[in-house]
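Because the structure is predicted, anything quoted here is derived from the model rather than measured. Reminder, nothing fancy here: chain letters follow the sequence lines and each chain counts from 1.
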Amino acid sequence: MQSKPKLRFWGSEAASGLLMISPTAIYAILLLAAPLAMIVAYSFMTDGYLQIIPRFQLCNYVGECHSYKDVNGVLTEAQTYKGVWSDPLALTLMWRSLLVSMLVTAVTVLLAFPVAYYVSFYVSPSKKSLWLFLITIPFWTSYLIRVFLWKVILGTGGPINYGLLELGLIQEPITWLLYNLNSVVITLAHAYAPFAILPIFVSLEKIDRSFLEAGRDLGESPFMTFWRVTLPLAMPGVISSVLIVFIPTIGDYVTPSLVGGPEGKMVANLVELNYKKLDNYPLGSALAVSSMALVMAVSLLFLFMNRRFLKGNKR
Amino acid sequence: MKGGWFRGYTIFYLIFLYAPIVLLPIFAFNNATTVAFPLNGFTTAWFGKLWDDPALHHALKNSLIIGCSAAVISTCLGIFASRASSRYAFPFKTPLMGLIMLPLVMPDIILAVALLTVLLGIGMPLSLFTVILGHVLVCTPFSIAILSAAFQSLDQSLEEAAYDLGETPISAFRLVILPLVLPGIISSLLITFTISLDEFIMAFFLAGNENTLPVYIFGQFRFPQNVPVILALGTILVCLSIALLATAEYFRRRGIAKTGGKDTGGFL
């Protein structure tokens, strides 16, 4: 659009646009931006039982903290606890969550790519949306019940163990499938599958098919054509898949609680514990902020490593 | 048939995707209290038990109230945002849209504790209303994703023609734009309702003493003897979701065909 001389603000396109978006934007600012800012602020404050004492401190992150209790109007020290980065349990859970997210992302995106490739390159155009619909349906059905059913599938009385026992391939049920990181990764890879397939599919659809023919005409093998033409052009989709799977998985609560067992617990379980049972909001906030910061750092590093694929693809 | 290997792999992958959903009715009709193989005969008793559980009915009522409210509010907010982003250029467009779409990638638990902190900070008691506030936040980005496709394929000259024929912006919207994007709106209502009905984390943190259907289901998982009933409930919910989604998909496609756009497929 040509730049017009600046007229009065009201009645201009900018004003109409801002006015139009204002209900949604105000909602997001009040109920999303402000709350997020608030947990960052809370993570620097002091825990008083059932209240927050607005006293700035860093000990929710490093060092040792005291929580206070109101005894006849006087704040008295009640408990000491360790900050997130000084607490071995919190550190273990954060690193484990990061590891699980990375594993889930790698597994999900690698398994999803051929599916997106098949639907984009081999399915006839009229049937593509049907295939995508089939792929997305499981995602929309009750998440809790799907996770619970993975517990059944991987459990000792599940179809895998029952089948192997009946076939005589094993004498005793396999127990290493459930209540550890394996089950968490499998369940999350299942839950996030459509999120990985769709962005890759969209970027594969955008590839001009004549580029591939050109590659083949110039004597490249099918594999080299894929490696040197298709894959680099599909990278923006792969990158969005990676981020859209990686960022939410670190905060997953249901899967580690139902199929994780004691060695599969993740950071969300500790956040929940601090918010609901221990009622220590500052520590819970510090945990939430720390894990988000960790995720953001890894995501930015990943984006930086792949920056050459994103040039000229600004959306 | 081209792509034989890929086809085989994709079918295998679909089996992986559908495995839990296929097992669900098998165990819901299985005549045993433990959810395990071998199966023990056919029964509809678990479905019968759904009728005499008042706690379940209460949770269902709550979920329906929340689902309908969240669907209507988030679709309205979605209409404003997708109309603004597809029709106008305005300052701070990218950061504002980024903020609005943020819940799509944020872990739900972060959104939930952040909202919880603010609500308790301003002294608002937890209730169904606070769950609705949270669900609207989660549902709006999905609504925008669906509606943007409908608004973007809209031909702007239709609207200009309406102005030239003497319509006001409001009547032009009602008479010209609304009928064209209506299928997208219906699709958005159905999808956001489905998301809200299934959303657990927000409700878990923000419902206070109330129960929603997923919170009730999560609670029942602690009692192994109640699990078959939950699987019966799950079977009904999955059928309901598939029906809602198929309807939504039908309207979404019709909407795109109506405005003359090209189907890019998928909701996301």
Side-chain angles (χ1 to χ4, degrees), chain A residues 1 13-14 16-18 20-21 23-25 27-28 31-36 38-39 42 111 114-115 117-118 121-122 128-129 132-134 136-138 140-146 148-150 152-153 157 159 162 193 198 243-244 247-248 250-251 253-254 258 268 271 275 281 284 288 292, chain B residues 2-3 6-7 9-10 13-14 16-21 23-24 34-38 77 80-81 83-84 88-91 96 99-100 102-103 105 107-110 113-118 121 133 137 140 194 198 200-201 214 217-218 221 234 237-238 241-242 245 249 263 265-268:
Chain A
M1 201 177 284
E13 184 177 326
S16 316
L18 279 175
M20 184 70 83
I21 204 169
T24 321
Y27 194 92
L31 285 123
L32 181 60
L36 289 177
M38 191 123 160
I39 54 169
Y42 265 35
L111 289 180
V115 177
Y117 189 83
Y118 172 73
F121 280 75
Y122 294 110
K128 277 180 186 174
S129 39
L132 291 178
F133 187 57
L134 276 178
T136 33
I137 281 185
W140 298 104
T141 53
S142 179
Y143 178 52
L144 284 173
I145 287 176
R146 266 186 294 143
F148 181 80
L149 285 165
W150 275 108
V152 174
I153 294 173
Y162 180 69
L198 292 177
L243 294 181
I244 214 167
I247 303 174
I250 201 162
Y253 171 79
V254 174
L258 287 182
V271 172
Y275 265 90
Y281 283 23
M292 279 324 284
Chain B
K2 284 191 297 174
F6 283 111
R7 189 183 169 80
Y9 174 80
T10 305
Y13 193 85
L14 281 179
F16 164 69
L17 281 185
Y18 279 85
I21 297 174
L23 280 181
L24 180 58
T34 51
V35 184
F37 283 103
L77 292 178
F80 282 117
R83 170 82 172 141
Y88 302 102
F90 51 89
L96 281 178
L99 176 69
I100 292 167
L102 190 63
V105 286
D108 284 352
I109 193 159
I110 306 276
V113 296
L115 253 183
L116 179 72
T117 320
V118 165
L133 289 180
L137 207 58
T140 306
T194 316
D198 191 32
F200 169 69
I201 292 288
I217 291 173
F218 190 73
F221 283 149
L237 283 178
V238 165
S241 304
I242 294 177
L245 291 167
E249 172 72 4
D263 191 0
F267 294 111
L268 293 167

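- Looking at A:Val115, both its backbone and its side chain come within 4.5 Å of chain B, counting heavy atoms on both sides.
- Scanning both residues, B:Pro91 and A:Leu18, for their nearest heavy atoms gives O-CD2, 3.7 Å.
- Partners of B:Phe16 under the ring-ring contact (aromatic ring centres under 6.0 Å, His included) rule, at least two apart in sequence or in another chain, are A:Trp150, A:His190, B:Tyr13.
- Counting heavy-atom pairs closer than 4.5 Å to chain A, the top-ranked of the candidates B:Pro20, B:Ala19, B:Ala84 is B:Pro20.
- Distance check, rounded to the nearest 0.5 Å: CG of B:Leu102 to CD1 of A:Ile247 gives 9.0 Å.
- A side-chain donor-acceptor contact under 3.5 Å links B:Tyr18 to the backbone of A:Leu134.
- Here the closest heavy-atom approach between residue B:Ile21 and residue A:Pro138 is recorded as CD1-CA, 3.6 Å.
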(request) Step by step, work out the side-chain contact (heavy atoms from CB on, under 4.5 Å) result for B:Val113 and A:Tyr281. (result) CA-CA 9 Å; B:Val113 296; A:Tyr281 283 23; over 6 Å; no
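- Taking B:Val118 as the reference, A:Pro35, A:Met38 meet the side chain to side chain contact (heavy atoms under 4.5 Å, CB included) condition, with sequence neighbours excluded.
- Atom OG in A:Ser142 sits 8.5 Å away from atom CG in B:Leu24 (nearest 0.5 Å).
- For B:Ile201, the part sitting under 4.5 Å from any heavy atom of chain A is the side chain, from C-beta outward, and nothing else.
- The two residues A:Pro114 and B:Phe6 come nearest to each other via the heavy atoms O-CD2, 3.9 Å.
- Looking only at distances, no side-chain donor or acceptor of A:Glu13 sits under 3.5 Å from a matching main-chain atom of B:Tyr88.
- Only the side chain of A:Tyr162 comes within contact range of chain B, judged by heavy atoms closer than 4.5 Å.
- Residues A:Gly251 and B:Pro107 approach most closely at CA-CB, 3.8 Å, considering heavy atoms.
- No side-chain heavy atom of A:Thr136 sits under 4.5 Å from any side-chain heavy atom of B:Leu245.
- The environment of CZ in B:Phe80 is sparse: at most 12 heavy-atom neighbours from other residues, nucleotides or ligands sit within 6.0 Å.
- Distance alone, capped at 3.5 Å, places no donor-acceptor pair between the A:Tyr27 side chain and the B:Ile100 backbone.
- For the pair B:Tyr9 (side chain) and A:Leu111 (backbone), a donor-acceptor distance under 3.5 Å is present.
- Per-residue heavy-atom pair counts under 4.5 Å with chain B were compared for A:Ala28, A:Pro159, A:Ala34, and the maximum is reached by A:Pro159.
- A:Thr24 contributes atom OG1, which lies 13.5 Å from atom CZ of B:Arg83 (distance to the nearest 0.5 angstrom).
- The line from CD1 of A:Ile137 to CD1 of B:Ile242 is 5.0 Å long, rounded to the nearest 0.5 Å.
- Heavy atoms closer than 4.5 Å to chain B are found in the side chain of A:Ile39, but not in its backbone.
- The candidate from B:Ile110, B:Asp108, B:Leu237 with the greatest count of non-hydrogen atom pairs under 4.5 Å with chain A is B:Ile110.
- Of the two parts of B:Leu133, the backbone and the side chain both hold a non-hydrogen atom closer than 4.5 Å to a non-hydrogen atom of chain A.
- Atom-to-atom distance recorded for B:Ile109:CD1 and A:Met292:CE is 11.5 Å, nearest 0.5 angstrom.
- Two rings, from A:Phe148 and B:Phe221, have their centers less than 6.0 Å apart.
- Both the backbone and the side chain of B:Thr117 come within contact range of chain A, with heavy atoms under 4.5 Å apart.
- Put simply, of B:Leu137, B:Leu23, B:Leu96, B:Leu14, the one with the most heavy-atom pairs under 4.5 Å next to chain A is B:Leu137.
- Counting all heavy atoms, side chain and backbone alike, A:Pro248 lies closest to B:Val105 at CG-O, 3.3 Å.
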